[in-house]
Protein chains: 2
Amino acid sequence: MSGIADVARLAGVSKSTASRALTGGGYVSDETRRRVQDAAGSLGYVPTTSAVSLATGRTNTVALIVPRVNRWYFGSIIEGVERTLIPRGYDLTLYVAEPDSRDRASLYSHFLARKRFDGVIAVALEPDDADIARLLSFGKPTVCIGNELAEIATLGIDNTAIGRMITQHLLALGHRAIVFLGATPKGEPTAHDVIDRIAGYRQAMSGAGLSDRTGVYESTLTITDGYAAAAALLADVESRPTAIVAACDEIAIGAIVAARRLGIAVPSQLSVVGVDGHDYAEMFALTTVEQRPAAQGEQAVDILLGMVDNADAPARSTIPVQLVVRASTAAPR
Amino acid sequence: MSGIADVARLAGVSKSTASRALTGGGYVSDETRRRVQDAAGSLGYVPTTSAVSLATGRTNTVALIVPRVNRWYFGSIIEGVERTLIPRGYDLTLYVAEPDSRDRASLYSHFLARKRFDGVIAVALEPDDADIARLLSFGKPTVCIGNELAEIATLGIDNTAIGRMITQHLLALGHRAIVFLGATPKGEPTAHDVIDRIAGYRQAMSGAGLSDRTGVYESTLTITDGYAAAAALLADVESRPTAIVAACDEIAIGAIVAARRLGIAVPSQLSVVGVDGHDYAEMFALTTVEQRPAAQGEQAVDILLGMVDNADAPARSTIPVQLVVRASTAAPR
DNA sequence: TTGTACGCGTTATCAG
DNA sequence: CTGATAACGCGTACAA
């Protein structure tokens, strides 16, 4: 309710002095500063953000763009971003829009254009996406999580290496009939991380001289779909693989549940390995590659606010990951 | 980059006419309006939000407060709110803070005080919470999801009735050894919805003359914890219940998984019923009460924006729910 | 160290 | 129907 003018009046100084005393800029005697701060405190003064933004050009707001909220990976990123942003005095405005969706279009034409934020964090942008050009055209500091992109500060994991790593883990255990579960179904927007993981899987299979035994099956990145896809895949006893490389932990968990329902013992009759380090991984004894998305969200904020303050050059970093071996993988038979 | 002054100049009118033509307020000749709109279009004009806010007092932003992101119920609400807000031209600023946490305190003292939003949607506020008073003191339209609160527009389900309903479902099937799984562990912030569901459970048990056979066990509202708690609960064959009323679907799913691992058949040896209508419910054939949180989020936006526009009196509505019977419940033995 | 005066980009008021 | 002009609430050169 009360503005800085009220604070100034109560403290017996001018508006500008009050402003300096509160924002810290410029010279103010300690005595005066304290008087102003007391006045502000007793009046419950809080600066009006729109006025501050108009005067300074800064909004103290960061935009976060995600395809979905209700998936562990994205939810974790959101939480990581949030808890790092808030203590630094920033607000988070959240935009949820799948790539290529109508929402995406209006997002860029209407919302992001409002220059309401000091920076953007975008998750799971596709490298060939037109979004990227539009994003850059805003001229605001931008950090992407999930894919390596040219000309943008990027934070992510090496998905090809991970695909290779988990496949090699199974090969080393002696598996040969290894399939990949989780290719993007036709009609869905392409997910580049999945494509890279498949590439890694293929590389490992070829490296073991098994390129002809490669099998890639479709599934959405959810437990439900992983369950259904795995159930179909495992139904035929003859063609059944001895190991599944899942595109993510949700699919892996779905596969484990499906196997149990079919009476297939994990890991003795079927090994399953995932990617993510999902909250449920331990409960299902899932061997997986942990990528700590919440920490990535935190780090993205660090990088972004660094850019906001220093106008630094875009950084690019590959997050280290860790293979955690649990009881969902073992030697075949 | 270009402001309304540029648009006005290009269209050959004054700033005020340009503003009227674009915002729709006041009289402008059709001819002039078109000229201005063309000019705005060709310049890619987008109004600066902080200036608009300063002039109009409206921010076109809604604040959403949730305790967590990464839980199905909250994530669904966030998605529902988002997809309703955006088409209406509003931005969403997200605040994540557990009740009684340090984050909560700074949330109220620093962020919400910035009057940066036209309204607030708060999820899972506790009725005895000091937050409520502070929330109301902002004088902004406010809608709460999850609990019935005095003097606030409220949207939620009747948790007591639900607790009764699902317990009676089990009683009707012939169960008598029915326990409740999911009481809030000591040290955790109290969750009123859980308390109410327990009350409903107790009412139903008493109504069947079974008040002495009542058993309430603790668990956090997650699959992982539900799994662990159920595993402990089901370990002793002698004292094992024939049915579990779970505080939410996550716990119910955890219990089903635990039962399977222990070789206990669901539903023939153990019935399990949950609350929520989780995405995974169908996959686990879970009998549950659907409450459609995403739809609640949408409805909350409707109510809130109604209040923003009309300054209506707060509404209060109880969402109808539906018991969906699947294969996790059956007659005992 | 402090106060004055102006600008940030829009909308609203009020004559014309 | 249109155009000056004054807010909106704050930060900040500049002068004192």
Side-chain angles (χ1 to χ4, degrees), chain A residues 1-37 39-40 43-61 89 91 110 113-118 138-140, chain B residues 1-37 39-40 43-61 89 91 110 113-118 138-139 309:
Chain A
M1 304 301 171
S2 49
I4 201 173
D6 303 308
V7 175
R9 198 175 311 121
L10 182 57
V13 298
S14 71
K15 283 199 317 185
S16 37
T17 304
S19 173
R20 275 184 300 243
L22 293 174
T23 59
Y27 298 101
V28 182
S29 76
D30 289 350
E31 148 89 41
T32 306
R33 182 182 305 273
R34 199 169 31 254
R35 268 220 320 282
V36 173
Q37 284 170 339
L43 259 54
Y45 167 74
V46 177
T48 302
T49 355
S50 21
V52 176
S53 301
L54 200 51
T56 62
R58 296 188 41 167
T59 61
N60 286 309
T61 296
D91 272 327
H110 296 322
R114 294 205 243 189
K115 27 193 149 104
R116 233 190 208 181
F117 44 85
D118 299 329
F138 293 129
K140 295 281 182 190
Chain B
M1 301 300 173
S2 50
I4 201 173
D6 303 309
V7 175
R9 199 176 311 121
L10 181 58
V13 296
S14 70
K15 283 198 316 184
S16 17
T17 304
S19 174
R20 274 184 300 244
L22 293 174
T23 58
Y27 299 101
V28 182
S29 75
D30 289 349
E31 149 88 41
T32 306
R33 181 182 305 273
R34 200 169 32 256
R35 268 218 321 280
V36 173
Q37 283 169 340
L43 261 53
Y45 167 74
V46 177
T48 302
T49 359
S50 18
V52 176
S53 300
L54 198 52
T56 62
R58 295 189 39 168
T59 60
N60 287 308
T61 296
D91 273 326
H110 296 322
R114 294 206 242 190
K115 28 193 150 110
R116 229 185 214 186
F117 45 86
D118 299 327
F138 294 128
D309 292 335

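Proteins get letters first, then strands, A, B, ... in listed order; numbering begins at 1 in each.
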Grab the [atom1]-[atom2] distance between [X] and [N] for me, whole Å please.
X: A/Y27; N: D/dT12; atom1: OH; atom2: C1'; value: 15 Å
X: B/R9; N: D/dT2; atom1: CZ; atom2: P; value: 19 Å
X: A/R116; N: C/dC8; atom1: CZ; atom2: P; value: 21 Å

Exercise: identify the closest heavy-atom pair between [X] and [Y]:
X: B/R35; Y: B/V13; result: NH2-CG1, 3.6 Å
X: A/R20; Y: A/R33; result: O-NH1, 4.0 Å
X: A/G57; Y: A/D118; result: O-OD1, 4.3 Å
X: B/A21; Y: B/V28; result: N-CG2, 3.8 Å
X: A/V7; Y: A/V36; result: CG1-O, 3.8 Å

* Do any side-chain nitrogens or oxygens of A/T17 fall under 4.0 Å of OP1 or OP2 in C/dT2? -> no

* May I have the step-by-step check of side chain to side chain contact (heavy atoms under 4.5 Å, CB included) for B/R116 and A/N60, ending in yes or no? => CA-CA 11 Å; B/R116 229 185 214 186; A/N60 286 309; 3.7 Å; yes

* Structure fact -> In B/S/- notation (B base, S sugar-phosphate only, - none; protein heavy atoms under 4.0 Å), nucleotides 9-16 of chain C written 5' to 3' is BBSB----

